[in-house]
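Only one structure is covered here, and it is reproduced in the block below.
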Amino acid sequence: MAATVPTPQQQIRRRNLSRVLHALSDGGPASRAAIAARIGLTRAAVSTLAEELLRAGLLVELGPGRPDGVGRPGTALALDEAGACGLGAEIGVDGLAVRAVDLRGRTRAHTTLPGAHRASAPDAVLTRLARLLEETTGRLAAQGLRPAGVAVAVPGMVARGSTVVVRAPNLGWPVTDLAEHLGRLRAPLAVDNEANYGALAELRLGGRPPGDDFVHVSAQTGIGAAVVLDGALLRGARGFAGELGHVPVHPEGPPCACGGRGCLEQYAGEEALLRAAGSAPGSGTGRLAARAAAGDTAARAALAAAGAALGIALAGAVNLLDPRTVVLGGALAGLGPWLLPPLERELAARTAAPGGPPEVVVSAAGPGGPLLGAAHSVVRAVLDDPLAPAHLRAAAPAGRVRP
Ligand SMILES: [Zn+2]
């Protein structure tokens with residue numbers, strides 16, 4: 001069948017269906033009249049849209065419903081906690097993690113699986129991930145949930161709009177298309193850099209205003225940043241925006257894996273930081289934080305140098321983009337007490353704008369941000385386009401599963 005272009009009326013209907021869902025997601029359960037007031041449509045229009053969403057299995061009627069399924073005027077509507085859900089996964093250097101959230105944003109499944117993925121073979125790791133996702137899908141089915149999509153966060157660069165990891169130095173992978181390994185899941189697959197999903201978690205769950213502007217810096221082994229402008233991720237022409245770890249801090253500094261010299265990662269990356277502090281490689285930033293808290297001079301000096309390097313690199317981003325806030329996430333969040341003072345000092349000294357540098361805060365989502373952001377990105381996709389076939393399939397009420 002040839003694809004048909006939606007008419008303007010159909011486009012408006014789709015947009016309004018999405019607005020009803022977003023109103024309930026943002027403001028919680030509400031009557032038809034209250035939704036109408038929230039989104040500026042008539043109550044009659046909202047009733048018609050709500051009937052369609054109830055039939056699709058995306059909404060439920062709260063309170064005493066009538067057996068014929070026709071909603072009563074005063075009854076509250078809510079997003080359906082059965083049916084469609086978002087399934088997120090994270091591939092880290094130390095393991096895999098999977099998390100599912102329902103349309104109301106509640107976690108319904110969460111599993112972590114340790115593994116040594118540094119310099120690993122993609123086949124073995126992705127086979128384990130596919131099995132983990134299948135097991136999770138089975139457990140979700142027992143709760144009446146079906147994934148409307150799968151979103152995978154990776155510590156590497158992903159070609160824009162694709163499922164292809166083109167560079168993942170810490171995993172040591174060649175160019176790898178995740179769709180070739182995860183295609184059996186029968187749900188749309190999205191793949192993105194972990195920093196981007198971390199920023200989405202911050203945007204959706206960190207209490208930020210919808211159109212906020214901020215730079216979210218996170219570290220696993222490398223250092224990545226995600227730039228959010230007017231509430232949307234800045235991706236760059238090829239999808240590779242945000243490589244803050246390779247911004248030069250000292251142009252004649254030590255060589256970096258990227259081919260450059262003196263990159264931020266050589267001063268504030270986890271490996272560099274542990275080396276500078278005299279810690280064993282792989283001993284983790286948690287132990288480094290404990291040493292710093294106990295007053296260890298070498299640990300504090302390494303963190304002070306890393307914070308200053310972060311401030312110098314971020315000054316470039318701040319002068320270029322003028323964000324409202326800089327957010328430290330991932331492993332950096334736990335090092336905030338020692339990184340922030342030198343970071344803020346460098347930023348203040350180098351910010352051109354009157355009024356000084358933006359506020360620097362520690363992420364509310366914490367180290368789990370990327371996984372949470374991945375799962376929530378699927379839920380957002382359902383709310384944005386409830387009539388997409390994969391979303392309708394996942395949402396279809398039990399016994400009425402569409403082919
Ligand atoms: Zn570099």
Side-chain angles (χ1 to χ4, degrees), residues 194-195 198-199 202 206 208 212-229 241-251 253-254 256 262-277 279 284-293 295-367 369:
E194 52 99 14
E202 187 66 28
R208 312 224 143 260
D212 202 13
D213 302 276
F214 63 93
V215 174
H216 184 271
V217 188
S218 64
Q220 242 203 351
T221 307
I223 294 177
V227 179
V228 176
L229 294 178
E243 289 296 320
L244 187 74
H246 299 287
V247 167
V249 174
H250 299 295
C256 179
C263 299
L264 175 62
E265 215 160 281
Q266 299 305 313
Y267 304 95
E270 188 176 320
E271 267 174 44
L273 196 49
L274 293 175
R275 200 182 319 121
S279 297
T285 50
R287 199 171 302 171
L288 184 63
R291 278 179 58 196
D296 183 301
T297 323
R300 289 198 172 184
L303 286 165
L310 273 163
I312 293 168
L314 276 167
V318 163
N319 284 320
L320 194 64
L321 302 166
D322 187 26
R324 186 185 316 278
T325 316
V326 172
V327 184
L328 292 190
L332 295 176
L335 300 171
W338 303 281
L339 293 175
L340 280 177
L343 191 166
E344 286 173 330
R345 206 158 41 237
E346 289 297 336
L347 257 192
R350 296 166 195 275
T351 301
E359 185 191 15
V360 185
V361 300
V362 169
S363 164

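All values reported here derive from a predicted model rather than from experimental measurement.
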Salt bridge (charged side-chain N to carboxylate O under 4.0 Å, His left out) partners of residues 299-328, not counting sequence neighbours, each pair once
D212-R324
Looking only at heavy atoms, what is the nearest atom pair of A308 and P342, with distance?
N-CB, 3.8 Å
Please report the closest heavy-atom contact between E270 and G284, naming both atoms and the distance.
OE2-CA, 4.0 Å
Under the side-chain contact (heavy atoms from CB on, under 4.5 Å) test, residues paired with P248 that sit two or more places apart
none
Value rounded to 0.5 Å, distance of CG in L310 from CG in L347
9.5 Å
Please enumerate all residues that pass side-chain contact (heavy atoms from CB on, under 4.5 Å) together with P337, with sequence neighbours excluded.
none
Taking all non-hydrogen atoms of both residues into account, name the closest pair between G245 and C263 and its distance.
O-CB, 3.3 Å
For the atom pair CG (L303) and CG (L273), what is the distance rounded to the nearest 0.5 Å?
5.0 Å
Between the main-chain N or O of A353 and the side-chain N or O of T351, is there a donor-acceptor pair closer than 3.5 Å?
no
Could you tell me if the side chain of P323 sits less than 4.5 Å from the side chain of V227, heavy atoms only?
no
Within the 4.5 Å heavy-atom criterion, are L340 and V360 side-chain neighbours or not?
yes
Between L343 and L328, is the side-chain contact (heavy atoms from CB on, under 4.5 Å) condition met? List the steps.
CA-CA 11 Å; L343 191 166; L328 292 190; 4.2 Å; yes
List the steps, then state whether side-chain contact (heavy atoms from CB on, under 4.5 Å) holds for T325 with V361.
CA-CA 7 Å; T325 316; V361 300; 3.7 Å; yes
Once side-chain contact (heavy atoms from CB on, under 4.5 Å) is applied, do any residues pair with A305, and if so which ones, sequence neighbours excluded?
none
Closest heavy-atom pair, A226 versus A195, reported as atoms and distance to 0.1 Å, is CB-O, 3.4 Å
State, to 0.1 Å, how close L335 and A289 come at their nearest heavy-atom pair, and which atoms those are.
CD2-CB, 3.8 Å
Tell me, please, which residues at least two apart from E202 pass salt bridge (charged side-chain N to carboxylate O under 4.0 Å, His left out).
R208
Of the options L332, V217, V362, which is the one that meets L339 in a side-chain contact (heavy atoms from CB on, under 4.5 Å)?
L332
Do any pairs count as a salt bridge (charged side-chain N to carboxylate O under 4.0 Å, His left out) and have a residue in residues 335-361, sequence neighbours left out, and if so which ones?
E346-R350
By side-chain contact (heavy atoms from CB on, under 4.5 Å), which residues pair with A277, not counting sequence neighbours?
S279, L288, R291, A302
Those residues that, when tested against F214, pass ring pair (Phe, Tyr, Trp, His ring centres under 6.0 Å) (two or more places apart):
none
What closest approach, in Å, do Y267 and A272 show between heavy atoms, and which atom pair accounts for it?
N-CB, 4.0 Å
Going by side chain to side chain donor-acceptor pair (under 3.5 Å), name the pairs with one or both residues in residues 303-320, residues two or more places apart or in two chains.
none
